[in-house]
Asker: 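My questions all concern the structure below.
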Amino acid sequence: MSFDIAVMQAFNGLSLFTVLALMALGLAIVFGLMGVINMAHGELMAMGAYTTYLTALIFERCAPTLMAFYLPVAVVMAFAVTFAFGLTLERSFIRFLYNRPLDTMLATWGLSLILQQAFRSLFGPREVGVPSPPWLTGAWQPTSGISIPLSRLFIVGLTVVVGCALYRLLFGTRWGLRIRAVTQNRAMSGAVGIDTARVDAVTFAIGSGLAGVAGSAFTMLASTGPVTGQQYIVDTFIVVVFGGVESLLGTFLSAFTIAQMQSWLEFMLTGSMAKASILLCVIVVLYFRPAGLFAAKVRR
Amino acid sequence: MLTRRGFLKGTTAAAVATASTGAFIWPRGGWAQGAVKVGILHSLTGTIAIAEASVVDAEKLAIEEINASGGVMGKKIETIVEDGASDWPTFAEKARKLLDRDKVVAIMGCYTSASRKATLPVVERSKGLLYYPTYYEGLEQSPNIMYTAQEATQSVIAAVNWLAQNKGKSFYLIGSDYIWPRTTNKIAKPTIEKAGGKVLGEDYIPLGNVEFASVINKIKAQKPEVILSTVVGGSNVAFYKQLQAAGINGKNQALLALAVSEEEASGIGTENLEGFLSCMGYFQSLKSGPNDKFVKAFKAKYGANRVVGDTLECGYISVYLWKMAAEKAKSFEVPAVVTASSELEIDAPEGKVKFHKANHHLWKHARIGAFRKDGQIDMIYESPLIEPNPFPKI
């Protein structure tokens with residue numbers, strides 16, 4: 001393997017890591033805080049993707065000269081739309097299902113089917129085309145043999161921004177303090193006067209918003225269609241479960257491990273074999289560490 | 001608790017309901033004397049609706065045209081549409097409903113091979129007739145199924161030979177991981193060797209996969225002159241977007257796809273497709289009388305921005321092929337229609353094609369074209385009619 005290919009392959013691993021991390025963050029905080037397994041997480045990503053598509057359409061109609069700058073606006077819009085949807089969803093639906101993990105799984109799975117059909121009815125069964133802004137098409141070429149796709153660089157950057165913002169929120173604000181307190185001990189937090197129901201609602205909304213951001217960013221890499229969410233959901237779950245719930249650092253580390261494994265195995269074996277090997281590895285790890293690779297040590 | 005009064009009330013209501021439905025059915029049954037029932041069975045919901053839902057539009061268009069010009073042997077076609085819901089047992093169940101309850105004389109339906117394999121035993125047991133409009137891997141020939149799209153040998157052999165002559169001899173094969181790409185590549189490999197070429201790599205990615213970065217690096221490391229792609233569905237969007245981002249495009253690389261038609265173009269992004277090749281039996285841009293008429297009628301009915309592709313056209317001609325066979329046989333009975341289909345020729349939008357004498361498949365042209373900036377395909381090469389050979393010896 002030549003040096004150029006090795007460099008590009010290393011970047012692939014990094015890029016895939018940020019993609020997986022972005023996908024899994026929203027699910028991880030919801031799972032960690034509330035123990036809610038949100039099967040509709042993928043559809044929330046698709047909602048973010050469709051919001052991006054609509055934003056692009058609006059820019060094309062109303063302000064074609066600003067078309068090049070639509071993407072940042074779309075990312076923010078995607079966050080806003082999925083945040084609002086998540087808030088409504090938690091208040092009207094999810095909160096009645098707390099402490100019933102199996103029922104929540106079934107209910108959110110049903111919700112994912114409803115959302116898929118809603119996308120199909122609204123936007124048609126075919127994928128829609130989301131235009132890439134010109135500054136994101138093509139590749140950055142530091143040398144003649146190495147080319148680093150700009151869209152992937154954008155996602156790396158976005159994940160860094162989102163990761164820092166989330167860190168700041170959780171460890172630098174009162175809200176973050178409350179969220180962490182409720183995650184660690186719900187009953188005690190309630191006893192000292194934290195409105196746990198409100199914390200739940202806001203956290204679920206933030207988790208949904210993060211899914212929206214991820215969905216919006218991935219329109220640059222992949223398709224936007226009614227079943228787009230299904231393409232991500234399995235990987236997302238693997239990352240969260242492998243890393244250990246209740247631990248955001250674990251989610252990051254697990255995303256990194258899986259991304260490196262996947263990109264190198266894909267390079268050396270075929271895509272299908274890489275996937276199978278990763279699943280096998282996850283099963284073995286979960287057999288010995290059922291709470292995940294990086295689970296926080298807590299007293300049960 | 002069941003009281004006597006409640007029970008009486010219930011039964012009376014049921015009796016009234018039965019009577020009224022009976023009264024409703026009676027004139028309907030009479031009217032049906034002048035009609036013949038045809039079923040349409042595709043996925044309108046679920047994951048495969050993405051490709052399949054529009055085929056229904058083409059089939060409905062054909063039925064509408066036939067009805068407008070007087071029907072089949074004086075009988076109007078009554079269409080019954082069922083949703084297979086991308087679920088294979090549902091396909092079997094709906095096929096049974098269409099054949100046993102509705103007594104349809106023919107079904108236009110199925111898209112994936114899995115749905116066809118689920119429907120096949122039902123159609124054979126009920127002695128029904130299924131027209132299957134999707135290009136597929138071959139290796140099948142049911143007495144109760146007519147295959148109106150190309151089986152694998154009818155596209156891949158012509159494509160490989162043309163590529164080896166015009167684009168280069170070193171190939172990289174990439175496909176989704178299921179039966180159609182694997183069978184297609186099984187035919188492609190000896191064909192490449194026979195044409196004096198060699199296969200540098202062969203890669204399969206899971207269905208629905210959206211990460212192609214490592215595969216693209218492998219391709220870059222191997223530097224093949226030609227990439228032959230059998231990637232299907234939403235993965236194609238990711239594949240082409242990521243190729244473009246990695247600096248591989250229609251100008252600097254020959255890539256021929258066997259499963260990307262005009263219909264996929266807008267989702268993939270036409271700027272990502274420009275210059276790449278596609279091999280199909282039909283392109284919307286073909287210049288011929290029947291094709292102009294078909295495209296015009298389709299756009300008039302469904303909107304000017306709709307595009308048609310290979311499977312749509314095959315669905316459209318399926319209805320006409322059934323009509324012609326029934327008229328030739330002067331009967332709607334399945335054995336008679338099947339017998340009449342042998343060597344039946346149609347002047348289709350894709351040109352004159354005809355059924356094989358015995359194997360239920362069509363003689364077809366393979367066509368290779370390059371994507372334009374607007375998502376349409378300009379034809380570069382057209383093969384002579386190719387004999388269908390669903391059980392190739394390799």
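In what follows, chains carry the letters A, B, and so on, assigned in the order in which the sequence lines appear, proteins first and then strands, with residues in each chain numbered from 1. These figures come from a predicted structure and were not determined experimentally.
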Asker: Select one option (side chain, backbone, both, neither) describing which atoms of Asn217(B) are under 4.5 Å from chain A's heavy atoms.
Answerer: both

Asker: Is the CE atom of Met39(A) crowded by more than 12 outside heavy atoms at less than 6.0 Å?
Answerer: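 It does: Met39(A) CE has more than 12 such atoms within range.
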
Asker: Can you say whether Phe11(A) sits under 4.5 Å from chain B via the side chain, the backbone, both, or neither, judging by heavy atoms?
Answerer: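 Nothing of Phe11(A), per the 4.5 Å heavy-atom cut-off to chain B.
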
Asker: Could you tell me whether the side chain of Asn12(A) and the main chain of Ala213(B) form a donor-acceptor pair under 3.5 Å?
Answerer: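 Answer holds: yes.
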
Asker: Any donor-acceptor pair under 3.5 Å linking the side chain of Lys218(B) with the backbone of Leu269(A)?
Answerer: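 It does hold such a pair.
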
Asker: Check this for me: does any side-chain nitrogen of one of Glu211(B) and Arg152(A) sit under 4.0 Å from a carboxylate oxygen of the other?
Answerer: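 Answer for the salt bridge query: yes.
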
Asker: Report yes or no: does Ser214(B) contribute a side-chain atom to a donor-acceptor pair with the main-chain N or O of Ser263(A) at less than 3.5 Å?
Answerer: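 Looks like yes, one N/O pair under 3.5 Å.
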
Asker: Quick check: closest heavy atoms across Ser54(B) and Arg126(A), and the distance to 0.1 Å?
Answerer: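 It is OG-NH2, 4.4 Å.
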
Asker: Between Ala276(A), Ser272(A), Pro149(A), which residue shows the highest count of heavy-atom pairs closer than 4.5 Å to chain B?
Answerer: Ser272(A)

Asker: Please look at Glu263(B) and chain A and tell me whether the side chain, the backbone, both or neither of the residue comes under 4.5 angstrom of a heavy atom of that chain.
Answerer: both

Asker: Does CZ belonging to Phe154(A) count more than 12 external heavy atoms closer than 6.0 Å?
Answerer: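 Above 12, so yes.
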
Asker: Would you say Met261(A) has more than 12 foreign heavy atoms packed within less than 6.0 Å of its CE?
Answerer: yes

Asker: Roughly how far apart are Gln9(A) CD and Ile216(B) CD1, rounded to 0.5 Å?
Answerer: 11.0 Å

Asker: Counting only heavy atoms closer than 4.5 Å, note whether Ala265(B) contacts chain A via side chain, backbone, both or neither.
Answerer: neither

Asker: By a 4.5 Å heavy-atom criterion (distance strictly below it), what part of Ile268(B) contacts chain A: side chain, backbone, both, or neither?
Answerer: neither

Asker: Rounded to the nearest 0.5 Å, how far does OG1 of Thr270(A) lie from CD1 of Ile174(B)?
Answerer: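 It is 10.5 Å, given to the nearest 0.5 Å.
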
Asker: NZ/Lys275(A) to CG/Asn209(B) distance, rounded to the nearest 0.5 angstrom?
Answerer: 5.5 Å

Asker: Evaluate whether atom NZ of Lys301(B) has more than 12 neighbouring non-hydrogen atoms of other residues, nucleotides or ligands under 6.0 angstrom away.
Answerer: yes

Asker: With a cut-off of 6.0 Å (strictly less than), are more than 12 heavy atoms of other residues, nucleotides or ligands near CH2 of Trp140(A)?
Answerer: no

Asker: Which atoms of Val19(A) come close to chain B, meaning under 4.5 Å heavy atom to heavy atom: side chain ones, backbone ones, both, or neither?
Answerer: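 For Val19(A), the contact with chain B is made by the side chain alone.
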
Asker: Examine the side chains of Ser147(A) and Lys220(B) and answer whether a donor and an acceptor come within less than 3.5 Å of each other.
Answerer: yes

Asker: Looking only at non-hydrogen atoms, find the nearest pair between Glu271(B) and Ser132(A) and report the distance.
Answerer: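 Shortest heavy-atom separation between Glu271(B) and Ser132(A) comes out as OE2-N, 4.4 Å.
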
Asker: For Gln117(A), is it the side chain, the backbone, both or neither that has a heavy atom under 4.5 Å from a heavy atom of chain B?
Answerer: side chain

Asker: Using a cut-off of under 4.5 Å for heavy-atom pairs, which of Ala221(B), Gly247(B), Gly269(B) has the most such pairs with chain A?
Answerer: Ala221(B)

Asker: With a 4.5 Å heavy-atom cut-off, do Leu221(A) and Gln242(B) have their side chains touching?
Answerer: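 A side-chain contact exists here, since the closest heavy-atom pair is under 4.5 Å.
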
Asker: Of the listed residues (Thr270(B), Leu44(B), Ile205(B)), which shares the most heavy-atom pairs with chain A below a 4.5 Å separation?
Answerer: Ile205(B)

Asker: Do you know which of Met8(A), Arg120(A), Met273(A) has the most heavy-atom pairs under 4.5 Å to chain B?
Answerer: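 Going by pairs under 4.5 Å, I would pick Arg120(A).
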
Asker: For Ala49(B), is it the side chain, the backbone, both or neither that has a heavy atom under 4.5 Å from a heavy atom of chain A?
Answerer: both

